[in-house]
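Values in this document were obtained by computation on a predicted structure and should not be read as measured data. Each chain gets a letter, A, B and so on, in the order the sequences are listed, and its residues count up from 1.
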Number of protein chains: 2
Amino acid sequence: MAGGSRQSRERATIIDVAAAAGVSRQTVSNVLNNPDRVAADTLTRVHREIDRLGFSPNAAAQQLRRRKASAYGFEVNPSGVGRMGHILDGFLVELTVAAPGHSCHLVTFAPDLANLLDGYDQILATGLVDGFVLGDTRHGDPRPAWLLANNVPFVTFGRIWDDPQMGRWVDVDGRSGMELAVEHLLAQGYTSVAYLGWPDGSPVGDDRRRGWLAGLAGAGLTRAPLAEEAAQDLTAATAAAERLLEHLAPGGAILCASDLLALGALRAVRNHGLEPGEDIGVVGFDDSDVAEALQLTSLRQPLQEAAAEAWRIVQAPGTDLSLTALLAPTLTVRSSTVRSSTGRGTPNPTTTPTPTPSATRPDGIPIPEEQ
Amino acid sequence: MAGGSRQSRERATIIDVAAAAGVSRQTVSNVLNNPDRVAADTLTRVHREIDRLGFSPNAAAQQLRRRKASAYGFEVNPSGVGRMGHILDGFLVELTVAAPGHSCHLVTFAPDLANLLDGYDQILATGLVDGFVLGDTRHGDPRPAWLLANNVPFVTFGRIWDDPQMGRWVDVDGRSGMELAVEHLLAQGYTSVAYLGWPDGSPVGDDRRRGWLAGLAGAGLTRAPLAEEAAQDLTAATAAAERLLEHLAPGGAILCASDLLALGALRAVRNHGLEPGEDIGVVGFDDSDVAEALQLTSLRQPLQEAAAEAWRIVQAPGTDLSLTALLAPTLTVRSSTVRSSTGRGTPNPTTTPTPTPSATRPDGIPIPEEQ
DNA sequence: CTGAAAGCGCTTACAG
DNA sequence: CTGAAAGCGCTTACAG
């Protein structure tokens, strides 16, 4: 009445259920948490009242009593420059989808980057979360060691390249993905596979480059591999791809370390009067929106599996450093690696099933009610 | 000892602080929640102990006692097909950044879309959240009416076009954005502004189209406006832009309802042997990664302001339907609307300050430690 | 198999 | 201005 808002109905508590079922409230609690200790008929009777009253245990009361939030923090930050694909947004979605299956939920937070660990300590101090899912790892990242030292459960998405001893990560095997892509390109009839990657020194990039070389070696193509480098920037990528095309004849392909680099490759191919797919195969990495829009074949990270593994690891008791999961990416094949003269009708059994053209390239889809 | 993990240090409670400061625990509580009721010297003494012990009130205990979670649910879903830009991911980030300033936090959840309201009711029933921030609105969306009927605080990002009476929204004024873009294009020296939009019937698209027409009218250009339509699909957009170019001479510009449509326009321009910016101006909407990568001028939604307004509205007491916020987008100017012959050195005062070329187009940025 | 007791950590009126 | 009392809704040993 006094100006405040009022919930339309008060939620039933465990007391209400107990009274309705004619038992004590700890029996209701046992029905929920230790059903094996409760007699069969009591169980059904209590369950009936729970359903009838629409009872759900109050989360705050459970958290307080159990001394456990069953919640994990996820750090979000504005997207970095040139960081196409926003793979972490997809990871966050999959974590959220899988959370109820692990009886927990996700709380987002944005720590002050100048006092990063303070932000972690702060949210931990309130008991709002029990641990953290780290969406990425940085060079010299202080978080894993700090969390470990403080006995805080965590898991990272991305290996901690700095410290091979450090476990508790989920990652995608860029190297095997690149091998898969090389196999695909050769099966499609491309005669050679050049590489467009980042400059040496990036662990992720170096790993992908090794995958490309391993793929070539697997096919016996060890002679004079062709490669160029560019930073994660479209202009630089286009220029680097132009340099590749001085040595790469039609019928060849360019394997790229990212979708943005692949976008540069597509541009360079067109600038040379060639057709992507038909004349020069192009493969990107991350299967971003851009890849979909441009019909670019791209390696896709298995985010759903990654989320499942992340929950498994972060919820594992103790701080076992041997917990890791290395997942293989799949290849989403689009027209940038299809040669109408040779590619059609010869599906490559090692690749992901190719979606039908109408699925990857829907003409006339309904207009989204976007912002 | 018994196989379980153990926090390295037990967190201090209000009791510890009270004992250390030589007061009762309710005085400590008053120091935090009603400092005006506490004597000045007591205040400093208690604060000193709070800092020394690193005390933070336990969130679960507060939630239980206050009967309020100070948390809001945010529904996440896998991105739709063709939905470039992921504007909601940016909105989620800004909400998270602003949350502590509003003494609350965000919990993500992914309801079963087949029983959407059940998912909302479920998370509400546990008391985990007090209300919801809806990231989008759909046609015939059942959520606003349901939330209203159940006295649940909420705010939507996007007007509820179906029901003009329905308030509690934050939205971006696409119409004024389009007017701004037309002004910019004319100031840059383009002689005419054609439109590439979605088919009639989408409220958001229709609003943007009206903005384009209003912009033309404002400049006295009411004769035979040139427009084409395409669904949110690159192939269709390119074809539609090709049709525009049959009637649009160099020196003209194409204003697009989305970055994806603008991508089609860029392609069509190049297919005609023309240079975007130099020969034909192109403007997109949403300032997505793609816009940045392709040097596309684009309208940008003010997500930070939107998040601030969303918190204001969702936390307002009661369910006042008059709470709304319509925000003006800004224009991020890139080379797709720069004519080297005329545009240089004549900045348009109505547009957003143009970032320096080196800021929008960084050559040699560090390689991100991406997944 | 079931219930009485204790308590998680805090806040809210309300005496003094 | 400060403190004793009550209680938010649940779970966890532990008697019976």
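Where B:Asp36 and B:Arg66 each meet DNA chain D at their nearest nucleotide, the meeting point lying more 5' is that of B:Asp36. Between A:Phe55 and B:Arg25, it is B:Arg25 whose nearest contact on DNA chain D lies nearer the 5' terminus. Between B:Ser56 and A:Arg65, the residue anchored nearer the 5' end of DNA chain C, judged by the nucleotide with its closest heavy atom, is A:Arg65.
Taking atom CD1 of residue A:Ile15 and atom C1' of nucleotide D:dG7, one finds them 12 Å apart after rounding to whole Å. As rounded to whole Å, 11 Å separates atom P of D:dT12 from atom CD1 of A:Ile14. Here the C1' atom of nucleotide C:dC10 and the CZ atom of B:Arg11 are 17 Å apart, to the nearest Å. Regarding B:Gln63, its CD atom lies at a distance of 17 Å from the C1' atom of D:dG7, rounded to whole Å. Summarising the geometry, the separation between NZ on B:Lys68 and C1' on D:dG7 is reported as 19 Å, rounded to the nearest angstrom. Atom pair B:Gln62:CD and C:dC8:P shows a separation of 17 Å (rounding to whole Å applied). Summarising the geometry, the separation between CG on A:Asn34 and P on D:dC14 is reported as 14 Å, rounded to the nearest angstrom.
In this structure C:dC14 sits in a base pair with D:dG3, meeting the Watson-Crick or G-U test at under 3.5 Å.
Between C:dT11 and B:Asn33, a contact under 4.0 Å exists linking OP1 or OP2 to a side-chain N or O. For D:dC8, neither phosphate oxygen OP1 nor OP2 lies less than 4.0 angstrom from any side-chain nitrogen or oxygen of B:Arg67. A close approach under 4.0 Å does not occur between any side-chain nitrogen or oxygen of B:Gln26 and OP1 or OP2 of C:dT12. Regarding contacts with the backbone of C:dT2, every side-chain N or O of A:Thr27 stays at 4.0 angstrom or more from both OP1 and OP2. Contact between the side-chain N/O atoms of B:Thr42 and the OP1/OP2 oxygens of D:dT2 is found at a separation under 4.0 Å. Regarding contacts with the backbone of C:dC1, every side-chain N or O of A:Arg37 stays at 4.0 angstrom or more from both OP1 and OP2.
A distance of 9.0 Å separates CG in B:Leu117 from CG in B:Asn150, rounded to the nearest 0.5 Å. Here the straight-line distance linking atom CG of B:Asn58 with atom CD1 of B:Ile14 works out to 10.5 Å at 0.5 Å rounding. Here the straight-line distance linking atom CZ of B:Phe109 with atom NE2 of A:His105 works out to 12.5 Å at 0.5 Å rounding.
Side-chain contact check for B:Pro144 versus B:Arg168: every heavy-atom pair is 4.5 Å or farther apart.
For A:Leu64, the side-chain atoms get nearest to C:dG9 when compared with the rest of D:dT12, C:dG9, D:dC1. The side chain of A:Asn58 approaches D:dG9 more closely than any other nucleotide in the set C:dC10, D:dG9, C:dG3.
Under the 6.0 Å cut-off for aromatic ring centres, B:Phe74 and B:Phe157 do not qualify, their centroids lying 6.0 Å or more apart.
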